[in-house]
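To start, the structure itself, in structure tokens.
Predicted, not measured: the structure shown is a model, and the values here were computed from it. Atoms considered below: every heavy atom in the structure, side chains included; atoms not considered: hydrogens, waters and symmetry mates.
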Amino acid sequence: MKKKFLFIVNPISGIGRQRRIETLIQNNLNLDHYDYEVRYTERIHHGTELARQAVEEGGFDAVVAVGGDGSVNDVVNGLKGSNITMGIIPCGSGNGLARNLKIPLTPALAIKLLNDFYVAAIDTIQLNDYLYASIAGIGFDAQVARRMKLAKVRGFQAYANICVSDYPTSKNTLYRMTIDGREVERSAWFVSFANSNQFGYNTAIAPLARLDDGLIDVCIVDKIPLAHLPLTAPLIYTNHFEVSQHVEIFKAHEVIVHNNESKWVNIDGEGESVGTELHFTNIPRSLNIICRKPQRTPTPKVLAHKAIRKIERDINELKSTILPPQHE
């Protein structure tokens with residue numbers, strides 16, 4: 001019996017790669033094994049409504065979010081409490097969760113990945129009435145997300161422009177938090193609450209975060225002086241942000257923020273007005289998601305054989321460069 005997908009498409013997401021989605025599905029999905037239906041979102045958070053509707057209707061084996069991080073988050077919320085599997089066709093600009101799961105950023109290849117139907121169970125994080133699978137943040141992070149929500153242009157350039165324009169006037173805020181029962185008070189530029197290691201755009205704001213470890217990575221970042229940016233920025237792109245002197249990371253099951261005075265939170269790239277008190281709880285392995293099969297770890301014997309072969313090649317190459325050619 002064929003499995004059935006529901007593709008929920010945000011027609012205005014990110015940079016527009018989703019506009020040919022029906023043709024791409026028809027050409028790349030294995031139609032001998034899968035049936036599908038496509039539904040389009042018409043307003044903000046409509047994806048959550050469509051995913052909930054799919055759960056209520058029944059008959060779908062997987063619901064696939066076609067869009068950016070916000071579209072993915074909508075479907076995550078719509079599938080809350082169900083056993084329906086989720087898929088992702090990344091068509092946004094950041095694509096944080098897709099990058100962390102090693103899902104191809106080319107829509108055709110992401111659709112082909114669905115054919116394998118390899119499913120992994122990952123954690124989600126409950127934040128007050130919201131659910132997310134990737135990352136949330138307060139402070140400067142939320143300020144930028146709020147402005148992006150009002151911007152007419154999406155994408156990395158728009159995001160970068162807002163960051164640059166708001167950086168000089170941004171300041172630290174004193175946050176009072178309870179982290180697994182421990183009272184913590186910190187002056188921070190922003191604080192991220194990460195399930196995924198990805199901030200989007202290939203920036204690893206929480207390099208040690210894992211999607212299935214049952215923990216929230218609380219990444220507290222002091223405002224980085226302009227003179228330190230050339231040294232700090234590369235750490236984000238090389239998965240070493242945690243070694244910066246401006247960063248402190250806690251791992252926790254539950255976090256309460258008592259004084260988020262702005263009320264705004266960046267939730268998977270979307271600015272949301274959530275409240276002054278924020279309650280984060282990790283829900284272990286609560287979302288089934290289609291992703292790339294993990295590569296098998298080579299055995300010590302295979303690794304040794306590869307090392308020997310490499311040494312032999314290096315020796316032969318060295319001989320060819322230092323020994324004179326042989327003449328008969």
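- When the salt bridge (charged side-chain N to carboxylate O under 4.0 Å, His left out) test is applied to Glu248, the partners found at least two apart in sequence or on another chain are Arg186.
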Problem set entry | Working for side chain to side chain contact (heavy atoms under 4.5 Å, CB included), residues Asp35 and Phe5 | CA-CA 6 Å; Asp35 288 325; Phe5 289 110; over 6 Å; no

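- One finds the CD1 atom of Ile25 at 5.0 Å from the CD1 atom of Ile111 (value rounded to the nearest 0.5 Å).
- For the residue pair Asn10 / Ser71, a side-chain donor-acceptor distance below 3.5 Å is found, with atom types taken as modelled.
- Side chain to side chain, His45 and Glu272 meet the donor-acceptor criterion of an N or O pair below 3.5 Å.
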Exercise. Could you walk me through whether Thr276 and Glu261 pass the side chain to side chain contact (heavy atoms under 4.5 Å, CB included) check?
Worked result: CA-CA 5 Å; Thr276 56; Glu261 301 300 340; 4.2 Å; yes

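- At least one donor-acceptor pair closer than 3.5 Å links the side chain of Asn260 to the backbone N or O of Trp264.
- Residue pairs meeting the salt bridge (Lys or Arg N to Asp or Glu O under 4.0 Å) criterion with at least one member in residues 54-65, sequence neighbours excluded: Arg39-Glu57.
- Grouped by direct or indirect side-chain proximity (heavy atoms under 4.5 Å, Ile/Leu/Val/Met/Phe/Trp/Tyr only), Leu113 sits with Leu6, Ile8, Leu50, Val55, Phe60, Val63, Val72, Val75, Val76, Leu79, Ile84, Met86, Ile88, Leu97, Leu101, Ile103, Ile122, Leu131, Leu211, Ile283, Leu287, Ile289.
- Side-chain atoms of Asp69 and Asn95 include no donor-acceptor pair closer than 3.5 Å.
- By the criterion of side-chain heavy atoms lying less than 4.5 angstrom apart, applied directly or through intervening Ile, Leu, Val, Met, Phe, Trp or Tyr residues, Val9 is not grouped with Ile44; the two fall into different hydrophobic clusters.
- No hydrogens or angles considered: a donor-acceptor pair under 3.5 Å links the side chains of His279 and Glu254.
- Going from atom OG of Ser134 over to atom CG of Asp268 covers 5.0 Å, rounded to the nearest 0.5 Å.
- Here the closest non-hydrogen pair linking Gly87 and Leu114 is CA-CD2, 4.4 Å.
- Distance check, rounded to the nearest 0.5 Å: CD1 of Ile224 to OG of Ser244 gives 5.5 Å.
- Looking at Phe190, Phe140, Trp189 one by one, the single match for ring pair (Phe, Tyr, Trp, His ring centres under 6.0 Å) with Tyr167 turns out to be Trp189.
- When the side chain to side chain contact (heavy atoms under 4.5 Å, CB included) test is applied to Ser165, the partners found at least two apart in sequence or on another chain are Arg147.
- Screening residues 125-138 for salt bridge (Lys or Arg N to Asp or Glu O under 4.0 Å), with sequence neighbours left out, gives no hits.
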For this session: For Ile162 and Val164, run side chain to side chain contact (heavy atoms under 4.5 Å, CB included): C-alpha distance rounded to whole Å, both residues' side-chain angles, the deciding distance at 0.1 Å, then the answer.
Result: CA-CA 5 Å; Ile162 292 174; Val164 170; over 6 Å; no

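- Looking only at distances, a side-chain donor or acceptor of Asp123 sits under 3.5 Å from a matching main-chain atom of Gly214.
- The two atoms that bring Ala206 and Asn197 nearest to each other are O-CB, 3.1 Å, heavy atoms only.
- The distance from the CG atom of Asn28 to the CG atom of Asn115 is 8.0 Å, given to the nearest 0.5 Å.
- Hydrophobic clustering (side-chain heavy atoms under 4.5 Å, transitive across Ile, Leu, Val, Met, Phe, Trp, Tyr) groups Val66 together with Leu29.
- Val218 belongs to a hydrophobic cluster whose other members, connected by ILVMFWY side-chain contacts under 4.5 Å either directly or through intermediates, are Ile125, Leu127, Tyr130, Tyr132, Ile138, Tyr175, Met177, Ile179, Val184, Val191, Phe193, Ile216, Ile220, Phe250, Val255, Val257, Val265, Ile267, Val274, Leu278, Phe280.
- The list of side-chain hydrogen bond (donor to acceptor under 3.5 Å, both in side chains) pairs with a residue in residues 206-220, not counting sequence neighbours, reads Asp217-Lys251.
- Minimum heavy-atom separation, Ile249 to Glu242: CD1-CB, 3.6 Å.
- With contacts defined as side-chain heavy-atom distances shorter than 4.5 Å, the pair Glu270/Met148 does not qualify.
- At a cut-off of 3.5 Å, with distance as the only test, a side-chain donor of His258 or Thr178 sits close to an acceptor on the other residue.
- Here the closest non-hydrogen pair linking Ala142 and Gly137 is CB-O, 3.6 Å.
- Donor-acceptor pairing under 3.5 Å is lacking for the side chains of Glu22 and Tyr36.
- In terms of the side chain to side chain donor-acceptor pair (under 3.5 Å) criterion, residue partners of Asn77 (sequence neighbours excluded) are, by chain and number, Asn73.
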Problem set entry | Candidate pair Asn100 and Ser196, rule side-chain hydrogen bond (donor to acceptor under 3.5 Å, both in side chains), full reasoning | CA-CA 7 Å; Asn100 196 172; Ser196 159; 2.8 Å; yes

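- With sequence neighbours excluded, the residues satisfying salt bridge (charged side-chain N to carboxylate O under 4.0 Å, His left out) with Lys4 are Glu37.
- In terms of heavy atoms, Ala121 sits closest to Asn288 at CB-OD1, 3.6 Å.
- Judged purely by distance below 3.5 Å, without hydrogens or angles, the side chains of Asp166 and Gln143 pair a donor atom with an acceptor atom.
- With sequence neighbours excluded, no residue forms a side chain to side chain donor-acceptor pair (under 3.5 Å) with Arg176.
- Grouping the Ile, Leu, Val, Met, Phe, Trp and Tyr side chains by contacts below 4.5 angstrom, directly or via other members, places Leu229 with Ile236.
- Lys171 contributes atom NZ, which lies 11.5 Å from atom OG of Ser187 (distance to the nearest 0.5 angstrom).
- The cluster map of Ile, Leu, Val, Met, Phe, Trp and Tyr, joined by side-chain heavy atoms under 4.5 Å apart, puts Leu226 and Phe241 in the same cluster.
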Problem set entry | Intermediate values then yes/no, side chain to side chain contact (heavy atoms under 4.5 Å, CB included), Asn195 and Asn282 | CA-CA 8 Å; Asn195 187 42; Asn282 184 287; 4.0 Å; yes

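- Interatomic distance, CE of Met1 versus NE2 of His33, reported as 14.0 Å (0.5 Å rounding).
- For residues 226-239, the side-chain hydrogen bond (donor to acceptor under 3.5 Å, both in side chains) pairs, not counting sequence neighbours, are His228-His246.
- Applying the salt bridge (Lys or Arg N to Asp or Glu O under 4.0 Å) rule to pairs touching residues 223-235 yields nothing, sequence neighbours excluded.
- Counting heavy atoms from C-beta outward, Lys112 and Pro104 have side chains that stay 4.5 Å or more apart.
- Hydrophobic clustering of Ile, Leu, Val, Met, Phe, Trp and Tyr side chains at less than 4.5 Å, counting indirect connections, keeps Tyr118 apart from Leu109.
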